[in-house]
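Remarks on the structure that follows.
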Amino acid sequence: MQSHPRVRIAPSPTGYFHVGTGRTALFNWLFARRHGGTFVLRIEDTDTARNRPEHVEGIMSSLRWLGLGWDEGPFLQSERSALYERAIDVLLEAEAVYACDCSPADIQDRARKRGGPPGYDGFCRDRSLEATSGRMLRFKTPREGSIGFTDLVRGNPTFPLAAIEDFGVRKSNGEPLFILANVVDDADMSISHVIRGDDHTSNTPKYALLWEALGYGELPVFAHLPLINNAQGKKLSKRRDKVAVEDFRDEGYLAEAMVNYLALLGWSPGDDREILPLEEMISEFDLGDVKSSPAIFDERKLASVNSQYLRKMTPEEMVERSELWLRSRWEPLAPLVQERVRTLAEVYSMVEFLYRPEPVIDQTEWAKALRKNANFALVLEAAAETLAGAEWDVDGIHSALSAAGDKAGVANLRDSQAPVRLSVTGRSVGPPLMESLVLLGRDKTLSRIRAGLARVQDAPVTG
RNA sequence: GGCCCCAUCGUCUAGUGGCCUAGGACACCACCCUCUCAAGGUGGAGGCACGGGUUCGAAUCCCGUUGGGGCUGCCA
């Protein structure tokens with residue numbers, strides 16, 4: 001191993017920071033620290049249709065929260081297109097790639113007709129199409145032979161080339177595809193060890209092919225980390241599972257506990273120690289000790305680790321850390337709250353809904369609102385629907401609520417707000433609703449609205 | 001379908017041919033401590049997926065089976 005390895009974390013800005021990405025970042029960071037290496041942050045935002053610049057800030061803040069500082073970057077792939085274009089020229093020149101004008105539908109049709117496996121069949125490989133805009137570029141994968149690479153955790157896998165189709169390297173709109181930008185950047189940034197999730201193992205032969213075609217010389221060393229799965233054994237997904245590290249932060253987990261727990265997923269110091277100070281992790285971390293079988297994310301264990309960190313604090317630290325957290329929860333609402341209170345004691349009732357798992361419903365106000373508003377349930381129903389698809393900011397929620405009011409036949413926004421406010425905060429008064437909901441989050445808002453709905457249906461007020 | 005990978009208590013793991021009657025942690029159960037609850041202590045239940053080899057000896061090595069996962073996108 002060279003003396004000063006260079007590693008990178010290369011997330012794509014998708015709107016949240018996946019715990020799996022966090023674990024990958026941690027292992028990269030640990031490896032770099034252990035060996036006096038350099039940890040590079042690179043944002044893989046080549047898909048302009050999908051990525052948003054503001055999400056880059058989210059990635060950085062999660063990384064900072066975890067304490068995983070980077071030495072270089074962030075480098076944005078969206079700002080490095082010249083590099084990829086140059087690489088494309090090299091590939092074109094060497095005739096390692098060719099233009100293709102097949103639509104996804106064409107490819108699918110042909111696959112179905114020949115009854116074979118899905119995927120690209122090399123239709124344009126020998127058509128010598130000109131590489132004009134509007135045509136994607138594919139790599140001419142050798143039809144026979146095999147290709148392998150060094151992998152510190154999985155041994156040295158070898159892949160038969162025949163199973164690898166002619167994969168795309170550039171989109172028809174001229175944007176580079178992930179695999180191309182990934183390889184070019186790793187070479188440009190002199191990455192020596194590619195430490196990433198196991199979901200990339202199958203991409204690595206393509207990586208190696210491109211690397212070679214571009215004449216980059218010796219391949220980096222790889223380390224494909226076992227995936228982190230949910231309780232069903234499937235890869236953690238945003239839809240089904242809680243996967244965003246910012247969610248754990250918001251729920252009161254400590255960064256150091258999170259890091260400690262994540263380190264234990266796929267790695268262990270080789271004995272029975274589980275609560276490990278960062279320094280010990282750094283001095284003992286070894287990619288060779290990383291397991292190759294996937295792990296299941298167990299929040300109960302995380303909570304247990306967290307509680308151990310909590311108990312170890314001095315009372316002063318405990319107060320300090322709790323206050324920081326308590327404060328961060330309602331801070332964004334502060335300007336709105338201060339206009340509505342006469343004493344500090346009143347602050348509590350204004351923000352309490354943010355801290356409770358479920359709101360405490362003010363019975364009197366609830367009954368009153370129900371009596372006054374014949375469309376109470378209709379509003380809730382409509383709101384649950386429109387809010388589910390709303391952009392989660394003040395404007396988005398505002399229009400969703402208006403739309404809900406229209407649907408429920410309620411004339412003005414104020415009347416359609418009451419049922420929602422009562423269901424979500426339990427009270428009829430409080431800080432402005434949109435801002436409150438933004439802070440509470442979509443999931444909790446929706447589940448509280450549904451609970452409110454159930455409440456109306458269970459006990460309708462008669463008079 | 002094709003290619004690749006994985007397989008120790010429910011979960012995270014220790015184990016790299018004899019130290020294994022398989023160790024620890026979370027969760028679970030019981031008891032102790034105790035003004036409640038935690039914490040702590042003690043004990044308990046619970047695992048090498050299966051079948052063949054190799055070997056004096058296999059959780060550990062090999063093969064097969066089964067099960068699971070990943071990839072197979074003009075996403076990353």
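So you know, we letter chains A, B, ... as the sequences are listed, proteins then strands, and number each from 1.
Comparing atom distances between the I296(A) side chain and each of U11(B), G73(B), A7(B) picks out U11(B) as nearest. For L177(A), taking side-chain heavy atoms from C-beta onward, the closest of the listed nucleotides C74(B), C6(B), G73(B) is C74(B). Residue P157(A) places its side chain closer to C5(B) than to any other of A76(B), C5(B), C12(B). Side chain of D272(A), nearest nucleotide from G23(B), C6(B), C74(B): G23(B). Side chain of S293(A), nearest nucleotide from C74(B), A7(B), G24(B): A7(B).
Using N1 to N3 plus N6-O4 or O6-N4 for Watson-Crick, or N1-O2 and O6-N3 for G-U wobble, each under 3.5 Å, U21(B) pairs with nothing. In this entry C26(B) has G10(B) as its Watson-Crick or G-U wobble partner, both defining distances falling under 3.5 Å. Summarising the base pairing, A38(B) is matched to no nucleotide, lacking a Watson-Crick or G-U wobble pair whose two defining distances lie under 3.5 Å. Of the nucleotides present, G64(B) is the one that pairs with C50(B) by Watson-Crick or G-U wobble criteria, both distances under 3.5 Å.
When rounded to the nearest whole Å, the span between CZ of F297(A) and P of U11(B) equals 16 Å. Rounded to whole Å, the distance from CG on N156(A) to P on C5(B) is 11 Å. Between the CZ atom of F167(A) and the P atom of C75(B) there is a distance of 15 Å, given to the nearest Å. If you take CZ of F159(A) and C1' of U72(B), they are 12 Å apart, rounded to a whole angstrom. Atoms CZ (R143(A)) and P (G2(B)) sit 19 Å apart, rounded to a whole Å. In this structure, R110(A) atom CZ and G73(B) atom P are separated by 13 Å, rounded to whole Å. At whole-Å resolution of the value, CD1 in I275(A) and C1' in G24(B) are 13 Å apart. Nucleotide C12(B) holds its C1' atom 11 Å from the CD1 atom of I228(A), rounded to whole Å.
From L262(A), atom CG reaches atom CG of N260(A) across 9.5 Å, with rounding to the nearest 0.5 Å. The CD1 atom of I88(A) sits 4.5 Å away from atom CG of L180(A), with the distance rounded to the nearest 0.5 Å.
Here E274(A) lies in heavy-atom contact (under 4.0 Å) with a base. Using a 4.0 Å heavy-atom distance criterion, T46(A) is classed as a sugar-phosphate-only contact. Residue L227(A) is in sugar-phosphate contact alone, with no base atom involved, counting any heavy-atom pair closer than 4.0 Å across all strands shown. No engagement by N229(A) is indicated, since no non-hydrogen atom pair under 4.0 Å with the nucleic acid exists. Among the atoms of the strands shown, only primed sugar atoms or phosphate atoms (P, OP1, OP2) are found under 4.0 Å from some heavy atom of R138(A). As judged by a 4.0 angstrom heavy-atom cut-off over every strand, G270(A) is placed among residues touching the sugar-phosphate backbone only. Within 4.0 Å of D271(A), counting heavy atoms only, lies no atom of the nucleic acid at all. Looking at heavy-atom distances under 4.0 Å, R300(A) makes contact with a base. No engagement by T14(A) is indicated, since no non-hydrogen atom pair under 4.0 Å with the nucleic acid exists. The residue E175(A) sits apart from the nucleic acid: no heavy atom pair falls under 4.0 Å. The residue G233(A) sits close only to the backbone: its heavy atoms come under 4.0 Å of sugar-phosphate atoms, none of a base. Across all strands shown, H224(A) has no heavy atoms under 4.0 Å from either base or sugar-phosphate atoms.
Comparing the P positions of U66(B) and A25(B) gives a spacing of 38 Å, expressed to the nearest Å. As rounded to the nearest Å, C56(B) and U65(B) have C1' atoms that lie 29 Å from one another. Atom P of G44(B) sits at a distance of 37 Å from the matching atom of G53(B), rounded to the whole Å. Between G46(B) and U11(B), the two P atoms lie 16 Å apart (nearest whole Å). Taking atom C1' in both C6(B) and G18(B), the straight-line distance is 28 Å, to the nearest Å. U8(B) and A49(B): their C1' atoms are spaced 11 Å apart (whole Å). Going from the P atom of U16(B) to that of C4(B) covers 30 Å, rounded to whole Å. Distance noted for atom P between G43(B) and G23(B): 13 Å (whole Å).
Using a 4.0 Å cut-off between a side-chain N of Lys or Arg and a carboxylate O of Asp or Glu, E279(A) and R33(A) do not qualify as a salt bridge. The residues E256(A) and K312(A) are annotated as not salt-bridged, no charged nitrogen and carboxylate oxygen being separated by less than 4.0 angstrom. Between K140(A) and D126(A) there is no salt bridge, since none of the side-chain N atoms of the basic residue sits less than 4.0 Å from a carboxylate O of the acidic one. A salt bridge is defined here as a Lys NZ or Arg NE, NH1 or NH2 lying under 4.0 Å from an Asp or Glu carboxylate O, and E323(A) with R327(A) fails to meet this definition.
Remark: the Y98(A) side chain and the D166(A) side chain contain an N/O donor-acceptor pair separated by less than 3.5 Å.
Between F159(A) and F149(A), the two ring planes are parallel [angle under 30°; tilted spans 30° to 60°].
Side-chain nitrogen and oxygen atoms of K206(A) include none within less than 4.0 Å of the OP1 or OP2 phosphate oxygen of U72(B). The phosphate of G40(B) (OP1 or OP2) has a side-chain N or O of R311(A) nearer than 4.0 angstrom. Note on S103(A): every side-chain N or O is 4.0 Å or more away from OP1 and OP2 of C74(B). A close approach under 4.0 Å does occur between a side-chain nitrogen or oxygen of K235(A) and OP1 or OP2 of C71(B).
When D188(A), T46(A), D185(A) are each tested for a side-chain hydrogen bond (donor to acceptor under 3.5 Å, both in side chains) with Y84(A), only one passes: D185(A). Under the ring-ring contact (aromatic ring centres under 6.0 Å, His included) rule, F285(A) has a single partner from W29(A), F31(A), F27(A), which is F27(A).
Between the side chain of T201(A) and the base of G70(B), no donor-acceptor pair of N or O atoms lies under 3.5 Å. No N or O donor and acceptor, one from the side chain of K301(A) and one from the base of A27(B), sit under 3.5 Å apart. For S172(A) against C74(B), a side-chain-to-base donor-acceptor contact under 3.5 Å is present.
Using a 4.0 Å cutoff on non-hydrogen atoms, the parts of residues 243-265 of chain A near RNA chain B are L264(A), L265(A), ordered by number.
Mapping V153(A) and F178(A) onto RNA chain B by nearest heavy atom places V153(A) closer to the 5' end of the strand. Mapping K291(A) and D198(A) onto RNA chain B via the closest heavy atom, the residue that lands nearer the 5' end is K291(A).
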message: Could you go through F167(A) and Y120(A), starting from their C-alpha distance and side-chain angles, then the distance that decides it, and tell me whether this counts as ring-ring contact (aromatic ring centres under 6.0 Å, His included)?
response: CA-CA 8 Å; F167(A) 56 93; Y120(A) 188 66; over 10 Å; no
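For K291(A), the side chain to side chain contact (heavy atoms under 4.5 Å, CB included) criterion is met by S293(A), not counting sequence neighbours.
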